[in-house]
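Sequence lines set the chain letters: A, B, ... in the order given, protein chains first and strands last, and positions in each chain run from 1.
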Amino acid sequence: MPKVPGLVKGLGVTFGEMVKTLKDGPQTTLYPHEREVPTPRARGVISLHEENCTACMLCARECPDWCIFIEAHKYLAPPRREGGKPRQKNALDRFDIDFSLCMYCGICVEVCPFEALFWSPEHEYSEVHIADLLHDKSRLGQWMQTVPEFEAYEAGSEAKVKKVPRN
Amino acid sequence: MTATSDPTQLSELAARATDNRVNLDFETEGMTLNMGPQHPATHGTLRIVARLDGEQVVSAEPIPGYMHRGYEKLTEVRSYPQINTLVNRIDWLGSFANEVPFILAAERLMGVEAPPRAQWIRTILFELSRIANISLFLGDYGLQLGGMTAGFYAFRDREHVLNQIEAATGGRFHPNYDRIGGLKDDLPKGWIANTHNAMDKILAFCDEMDDLLIGNEIFQSRTRGIGVIPADIALSYGLSGANLRASGVDWDLRRDSCPPGLVYDQVDWKVWTHPDGDCFGRTWVRFQETREAALIVKQLLDTIPSGPVMAKVPRIIKVPEGEAYVETENPLGAMGYYIVSKGDLVPFRVKIRSASFNNISVVPWVARGAYVPDLISILGSLYFILGDIDR
Amino acid sequence: MTLLLASFDPPYWLSTLIKVLVISAVVPTTALILGMVFLFKVMSWMQSRLGPQEAGPRGTLQLLADGVKFLQKEDIAPNGADLFIFKIAPLVVLMSTLLLYVALPASAHLVISDLDVGVFYVMAVSSLSVLGVLMAGWASANKYSLMGGLRAAGQLIAYELPMVLAVLGVVIQAGTLSLNGIVFAQADGSIFGWDAIGNPYILTQFVGFAIFLAAVQAELTQPPFDMPVAESEIVSGYQVEYTGFRFLIFFLAEFATAFVFAGVASILFLGGWAVPWLDTSSDWYYVLGPIVLFAKVMLVSFLIFWIRFTYPRFREDQLQSFAWKFLIPLALVNIVVTAVLKVVL
Amino acid sequence: MSQLSSADTTTETPAEDEAPVEVDERRQAVLDELTRRLGADAVVGSHIEPGYDLWVRVTREAWPEAAVAAKAMGYTFFDFLSAIDWLPSPFGRDMDAQEDLLGDPAPAKEPQPIVQGHAGGETRFQLLARLYSISAGMGVLFKADLPDDDLSVGTWSETFLGANWHERETHEMFGITFVGHPNLIKLYLPTDFQGYPLRKDFPLLARRVRPWPGIVDVEPMPGGDDSEGDGE
């Protein structure tokens, strides 16, 4: 069988592709009407679980882009057991993440010792004004519902599946 | 001759540029064409000042620097995990492949070795980022030579690979998944099966490209015998990767001096070379490498050992004093990091040896006497990424 | 119904007015249809996507939206430009396309003017666009557009010759230059006595058809011959400095020329508006003629655009040597063979 | 994996690792061959990391010949050429260094001693280049000290054409001039850029302008003492 010249095979490829697209639909998703579900681990937006946060400032220090701004104050919390000394605890006044600076590297989520920060694959929060990309404490709290459960691991892995604190 | 903006040096250069008498016997006047920082054929902001005699290039001088982010200065004030996020933005198409040599150099300084499962997954993701990078080259090279459809096929099939990288690491382009001593996390359930059929799609894509582009006589007439780089010139310019293997030099860092963190010795695969050293040779070698990478990934997927993904490494990493240089076979060529550490949180000096920097420095040599359309096919076949050149 | 049409004999000025109105309606719509169907829909299907979906039902009015967008864009001219030539260059290119429509017969009587030197006229007028392109390239005072213009000049002239020689084969076989004459010749002709489907010249002149298609591909500066508008090298060549409605005229001219060349190809090689089983003199052709011609044009332009979406582009010198060293000798051989067979049979 | 030796002493002889001394014969042979070709006084220091790399420190004058000798020995692949500025950065090397704190005058830190890395060195600026031999599958790292007052050295761009761009970059980043370089003008930086960015005393402006968000700490109790620790 003489070698089919490349020119003809090329035409065959494009024609075959046309038939395939007409027969079983395009490979593209029509964005506003159909939406593509991102994978559970996708790093879309950072959500804050405020109860766990003890304002230890580690995430603000480790962030390479300097985009986490925290203000906190100490207060006297009632003692655990009666008769005990009142304990000093940190109360979070301000926890802002400026998503116009953030490069979604995930160092803050990883370095947080008290599991207060989580990734959510939510990615449709673009704003008209760039200043609105500064999400404050409450906005980050709202993202908590969109955080998916951690997936199970592949066979043969010894990692334990972490739990997302929902309350 | 110490001052940097030395007037005599610059004026002599300017005089040479304005001396328009190019072709004395025809008394024609040369034209200086500025393929500016914003040009469809330069992958990003590379500027090429080409002096033309008609359509023939008399001299072509690439001018980098429009995207210089000063990485080596930034690494002086960043800790190792922060540099890891910085570093995968150098060659943003095969981004996981940038983190690997940096982490391996740091691991050699610390004397730590990742557990086997981590090395396996690291090699798989290394090859996946190679496929993501080079499959775009095949489509984009067709686009630059006029065949628009190839570009769309590349983007369509590359999507499956990016989805797999995102499923495991969380980021499609900037995974930030490699850690000193292992990986950040293990693979999610069902990842191996999905990657298998992503690889089948890539293999189908390779056959399609073979018919549409590589076998196409017009494509071959535009690339065969154009931009020929002999082996010794390639070596002396430090060309690496497919550009060097296309000039007949049988050298692949994955096989010859593979650093301990990757498991290429567990897989049987072939290094492809091409004798001609022309644009077609480079495209052909990269095309075979894409198929080879897909086969490597399939073999590795079947033999993943079980076990931990992270070795015992302190939380705050202070790398002991010393210097180390590790170079791996990145999608664009040989990429290496020379880390000098003084035992603090922050490295003292990191020299980033990126492949495209050397690959593009050969353009003044190879572009002499080419036509303008050939300049585009030579640039396309050298396949550089701007972040890689400018760092 | 036929009586009414036959007796309708308007004075000269009225018939020209109707013809002008018909042309000014037909040219943009045909360009829009061709651009819409092929550039948006067929190209997207070939690239496993759906093309524009938002404007109009399933994206059919997208080209109309683009047209309006171009119209409301500012009309910028570069300051170093030679303004007068810069402004009329697109009009020259469009003029050559409109002149081509004059000779295109949609049926025995539905033709602007049935010239008996139709083919000669079409070939002469189609080379007018070279002037427009060269004027655009030269006048926009931009290195890229200058290169685009010069490349276009070299290419369009180089591919005029194979086109004319390819058409010569058909003219020899048909014995007449008039386009309608060729359609009648194909309808009544017979291949060695078997005249079930007449004698569409594609069967006997397939070499001429191939050369004509290659030449048309080059006239329209489409890949694999799109050096003048090589968007990855010289950023759409001579059209680089044009914005607003001038660019719209270039865009319109490109697709209208594609339509009219596909029309000429279908008339010369596929039997034009005549359908084999219907006698050419029947009055049905008042309605059927344009539809049949439109279908054949769609078939030919599918072939043209299919090649456009698949092949990379030739380099400048390869393109020229392909024309001078391959197409022209082949066309000459084709003419000799046709002439000998014409005499012998 | 051999544990790395402590900071390298600036002795002339190749550094000894701890016992057992694994001597890497192939690299030792390359070192001896290089010393023979360049002359004993040219090679002033070296360091071998068994199984990995070979550092050779040559004198400034012997720098161009080192390239020619290595190329003759089969090291034909030009990897890279750059420089290291050994001066400890006066601007706070690590994350929360005092110097980054704006406002309060940072206590003047006494300049720490300049300590060179492998294969020793005396001066602040040190050239660094690497060649690789494909046939032997080994690389060699060359170093050369450059005195502070006269930062100029012979060029490699005749033997290795690739060195042209690397030398231009090192020139604009460190201020080292390469004598004999065909076209020593800036590569990345704009022509009117003042200063040499990769020198350690060149300030990173971004850190000067913007206060560091990690600097704030939890405000103490109003009036209360801080004795009972800082909360969980």
What part of A:Leu11 gets closer than 4.5 Å to chain C, counting heavy atoms only: side chain, backbone, both or neither?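 Both the backbone and the side chain of A:Leu11 come within 4.5 Å of chain C.
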
Non-hydrogen atoms of chain C under 4.5 Å away: do they reach the side chain of A:Leu30, the backbone, both or neither?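 The side chain, not the backbone.
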
Under 6.0 Å between ring centres: does that hold for A:Tyr125 and A:Trp143?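 Yes, the ring centres sit under 6.0 Å apart.
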
Are C:Phe255 and C:Phe259 close enough that their ring centers fall under 6.0 Å?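 Ring-ring flag for C:Phe255/C:Phe259: false, centres at least 6.0 Å apart.
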
Is it the case that [X] and [Y] place a side-chain donor and acceptor less than 3.5 Å from each other?
X	Y	value
A:Thr21	C:Ser48	no
C:Arg313	C:Ser232	yes
A:His73	A:Asp93	yes

Residues 49-60 of chain C: residues contacting chain A (heavy atom under 4.5 Å, by number):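 Contacts with chain A: C:Arg49, C:Leu50, C:Gln53, C:Glu54.
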
Tell me, please, which residues at least two apart from C:Glu254 pass salt bridge (charged side-chain N to carboxylate O under 4.0 Å, His left out).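 In terms of salt bridge (charged side-chain N to carboxylate O under 4.0 Å, His left out), with neighbours along the sequence ignored, C:Glu254 is linked to C:Arg308.
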
Quick check for you: to the nearest 0.5 Å, what is the distance between A:Ile46 atom CD1 and A:Glu122 atom CD?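 The distance works out to 14.0 Å.
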
